[in-house]
Undergrad: 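Sending over a structure as structure tokens; questions will come in a sec.
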Number of protein chains: 2
Amino acid sequence: MATLKDIGAELGLSPATVSRALNGFPEVNSETRERVREAADRLGYRPNRVAQRLVTGRSGMVGMILRMRPDMREDPTLFDMLTGLSAALSLRDVDLVLAVDQETDPVAAYERMLSRSLVDGFILAAPEPDDPRIAYLQAHDLPFVVHGRHAFQADYPFYDIDNRKLARDSVALLTSLGHRRIGFVNGEAELTYAQDRLREFRVAMAAAGAPVEDSLISHGRLTESHGYASALAMLSRPEGLRPTAILCSGTMLAKGVYRAAHDLAIAIPQALSVVAHDDIWPGLEADRFDPPLTTTAKSMRAACDPLADLLIQRIAGAAPAGLRHIEEADFFLRESTGPAPPREGDARR
Amino acid sequence: MATLKDIGAELGLSPATVSRALNGFPEVNSETRERVREAADRLGYRPNRVAQRLVTGRSGMVGMILRMRPDMREDPTLFDMLTGLSAALSLRDVDLVLAVDQETDPVAAYERMLSRSLVDGFILAAPEPDDPRIAYLQAHDLPFVVHGRHAFQADYPFYDIDNRKLARDSVALLTSLGHRRIGFVNGEAELTYAQDRLREFRVAMAAAGAPVEDSLISHGRLTESHGYASALAMLSRPEGLRPTAILCSGTMLAKGVYRAAHDLAIAIPQALSVVAHDDIWPGLEADRFDPPLTTTAKSMRAACDPLADLLIQRIAGAAPAGLRHIEEADFFLRESTGPAPPREGDARR
DNA sequence: CTGAAAGCGCTTACAG
DNA sequence: CTGAAAGCGCTTACAG
């Protein structure tokens, strides 16, 4: 492998000048620069990254540590994110180092990777409120970006979708169709996005003058079984107490809701409207529902380029506070939503 | 961060001695070694891997390049493998660098990672016959291990399950139950494991005196839809030409076969026996089938430790030829297999 | 058993 | 505009 010294020898230049020419330093004579470039090409020169790293302190690698969960395999979004991020980083000449966290101490895996790989920064996903990983990285002044934030007002770089807006939009759609008793099958209560959506759900319901019943709100993983169990409980209530619409925080949940409605012979959208947020491949999944599912949607994929850019800026020295990217979800009106069914309650109104 | 120099200064030793003490060189005075260890601990010393790499030429990282396929997300095995490998490598103090390959030239991604990351070696999955990636890595004398081999007699390090044996065992079970017309829904025809299984399928069928009909053999991706389509075609044949048993190369395929049998009102196992190979979580999936699915099984997870060990040995300089690990699949007899149904053909025999 | 020295391949003040 | 020198933090012949 050719080195800077080799190129210098070839051209009668010092390695220092070759380095400057190749790295675009302005003071280099443009003719010299051309000769250097030509020779570098000819000799197939590739900078030795390790040597560069030793002197610059940068590694050109970023780490991502996955927390192992038994039901990870059911969740395709994580995989999308991994491949999407890897591709986005590749384009920017950065490598992704992957590790899995299997220990009780969530910070240990970060310490280990840091001591081993000299990654320049990290990408975190699924933060929790008071996330110890974030506290650790901030305390050590290590660059990182977060997919989703762990607080509405986050003071670190993050990418997030506008969770409040999508909750607001969904509720607005349903209330405008006349629904007043609306169930909400949400994600895990500890996660920020779920809290944000719930909060705005309450605000939007109040704005529409619709009551919120705690028994029509459920939290859990974004799985079909949680959707099914939640919907079954809500829909088994006596006629008149039963929701006429259900909002779901994920399409898998909606799948469970559909199944529960089917089992109870409740027709969608005639007797039950369903809206969900779709973070997988907008449309692809939802279109296959019968009837096609109305969604707010933004794919995981959309996060990858912004995340890569934010992290690279942060590593380059940008202050963490300003680095944020909030993406609005799109609305896809399909056939799972319709006017609220007439019932006694309405007559009384 | 403490360096060797710092420890040396602390103890009145040269960095060279500190290095030797920490790296277990035998000539170091054992008392000196103890003092060095104590000081290293106390100062929280962590070797700077980048510096080590610059001089040793080793990076302590290995790469894995995933080929993007549209239906990757449906396939949980890849994710299992990624997390399993990452964990296995972590235990051995090696990091996994991940990239995705989105280009037409399958070798380009390897060249790029090599020029950027100085990984010590690679892990390949799903090799094809005459795989250009393998040719490239061999030509450049780069260490790698392969999950599955691209030729029965491979001259590089690999982990594989014994595909011939599992085909042989499956056929033996079915023929011993009296089945003679056996369908085979296999993986993609280009892949070596599929070829190995098919080859042994033919051998085992011949050994049992059962005819092999080409129209009862189908190749494709390990998806439910391929299983369904294949089984539908086989089972729609007139009574007497229809298979009484189907062997599947994956549990997703078997799921499709079950669905086709259900749609055609063909009872399992009374009218149709089904056996599949299960490479996910042996048992977990198959047990949920109705009736529970008879399988040969070995999880992807089982491959991870052997793959990590083989690669590390190869990087350390072991000759490639001897490095192999062939794992036999286990047999799980469940309720999807039963005696062949009596029919005219049998009466005539 | 330990130290001084050279070197891995680069970058970057400091001179000129 | 270019070069000589120092240095990033380690390892490892070579001396002693």
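All chains are named by letter (A, B, ...) in the order of the sequence lines, taking the proteins before the strands, and each is independently numbered beginning at 1. Note: hydrogens, waters and symmetry copies are ignored here, and every other heavy atom, side chains too, is used.
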Undergrad: Kindly assign one of parallel, tilted or perpendicular to the pair B/Y136 and B/H140, based on the angle between their ring planes and the thresholds 30° and 60°.
TA: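 Correct class here is tilted.
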Undergrad: Nearest-nucleotide wise, let me know which of B/V55 and B/R20 is further upstream toward the 5' end of DNA chain C.
TA: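 The answer here is B/R20.
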Undergrad: In chain order, what residues pass the salt bridge (Lys or Arg N to Asp or Glu O under 4.0 Å) check against A/D130, with sequence neighbours excluded?
TA: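 A/D130: no salt bridge (Lys or Arg N to Asp or Glu O under 4.0 Å) contacts found.
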Undergrad: Is the phosphate of D/dC1, meaning OP1 or OP2, less than 4.0 Å from a side-chain N or O of A/T32?
TA: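 Indeed not, no polar side-chain atom of A/T32 lies that close.
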Undergrad: Check this one for me: any side-chain N or O of A/S19 less than 4.0 Å away from OP1 or OP2 of C/dT11?
TA: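 Checking C/dT11 against A/S19, a side-chain N or O does come within under 4.0 Å of OP1 or OP2.
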Undergrad: Does anything in residues 4-23 of chain A pair up under salt bridge (charged side-chain N to carboxylate O under 4.0 Å, His left out), and if so which pairs, sequence neighbours excluded?
TA: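 As it turns out, the salt bridge (charged side-chain N to carboxylate O under 4.0 Å, His left out) pairs with a partner in residues 4-23 of chain A, which skip direct neighbours, are A/E10-A/R42.
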Undergrad: Quick one: B/F25 CZ to D/dT11 C1', roughly how many Å, whole number?
TA: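 Answer to the nearest Å: 7 Å.
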Undergrad: Under the salt bridge (charged side-chain N to carboxylate O under 4.0 Å, His left out) criterion, do B/R46 and A/E111 qualify, and how do the steps go?
TA: CA-CA 11 Å; B/R46 302 250 160 214; A/E111 288 173 327; over 6 Å; no
Undergrad: Taking only side-chain nitrogens and oxygens of B/Q52, does any of them come within less than 4.0 Å of OP1 or OP2 of D/dG9?
TA: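 No, because none of the side-chain N or O atoms of B/Q52 sits under 4.0 Å from OP1 or OP2 of D/dG9.
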Undergrad: Rounding to a whole Å, what distance do you find between A/K5:NZ and C/dT11:P?
TA: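 Between P of C/dT11 and NZ of A/K5: 15 Å.
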Undergrad: Rounding to a whole Å, what distance do you find between A/N23:CG and C/dT12:P?
TA: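 For the pair A/N23 CG and C/dT12 P, the rounded distance is 8 Å.
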Undergrad: Counting a pair only when it is Watson-Crick or G-U and both distances are under 3.5 Å, which runs of at least 3 such pairs involve DNA chain C?
TA: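 Ordered by first number, the stems with DNA chain C (at least 3 consecutive pairs each) read C:1-3 with D:14-16, C:5-12 with D:5-12, C:14-16 with D:1-3.
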Undergrad: Using whole Å, report how far CZ of B/R53 lies from P of C/dC10.
TA: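 Rounded to the whole Å, the gap is 17 Å.
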Undergrad: Could you tell me which non-hydrogen atom of B/L85 sits nearest to which non-hydrogen atom of B/L307, and how far apart they are?
TA: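 Nearest pair, atom of B/L85 first, then B/L307: CD2-CB, 4.1 Å.
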Undergrad: Anything under 30° is parallel, anything over 60° is perpendicular, the rest tilted; go ahead and classify B/Y159 against B/H147.
TA: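 If you compare the ring of B/Y159 with that of B/H147, the planes turn out parallel.
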Undergrad: Quick check on DNA chain C: between B/A16 and A/P47, whose nearest nucleotide comes earlier from the 5' end?
TA: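 Nearest nucleotide further toward 5': that of B/A16.
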Undergrad: Rounded to the Å, how far apart are B/E27 CD and C/dG3 P?
TA: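 The answer, rounded to whole Å, is 12 Å.
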Undergrad: Distance check needed: C/dC1 P versus B/E34 CD, whole Å only.
TA: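 Whole-Å distance recorded here is 15 Å.
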Undergrad: What is the distance, rounded to the nearest whole Å, between atom CG of A/N48 and atom C1' of C/dT11?
TA: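 Going from A/N48 (CG) to C/dT11 (C1'), I get 13 Å.
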Undergrad: Would you mind telling me which of C/dT11, D/dT2, D/dC10 lies closest to the side-chain atoms of B/L4?
TA: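 Nucleotide nearest to B/L4's side chain: D/dC10.
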Undergrad: Would you mind reading off the distance between B/I7 atom CD1 and C/dT2 atom P, rounded to a whole angstrom?
TA: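 So the two atoms are 15 Å apart, to the nearest Å.
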Undergrad: For a quick check under 3.5 Å, do A/T83 and A/S86 share a side-chain donor-acceptor pair by atom type?
TA: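 Note: A/T83 and A/S86 side chains miss the donor-acceptor criterion.
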Undergrad: At 4.0 Å (heavy atoms only), tell me whether B/G8 reaches a base, stays on the sugar-phosphate, or touches nothing.
TA: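 B/G8: no heavy atom of the nucleic acid under 4.0 Å.
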Undergrad: Is A/T17 near enough to D/dT2 that one of its side-chain N or O atoms lies under 4.0 angstrom from OP1 or OP2?
TA: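 So the side chain of A/T17 is outside the cut-off, no N or O lying under 4.0 Å from OP1 or OP2 of D/dT2.
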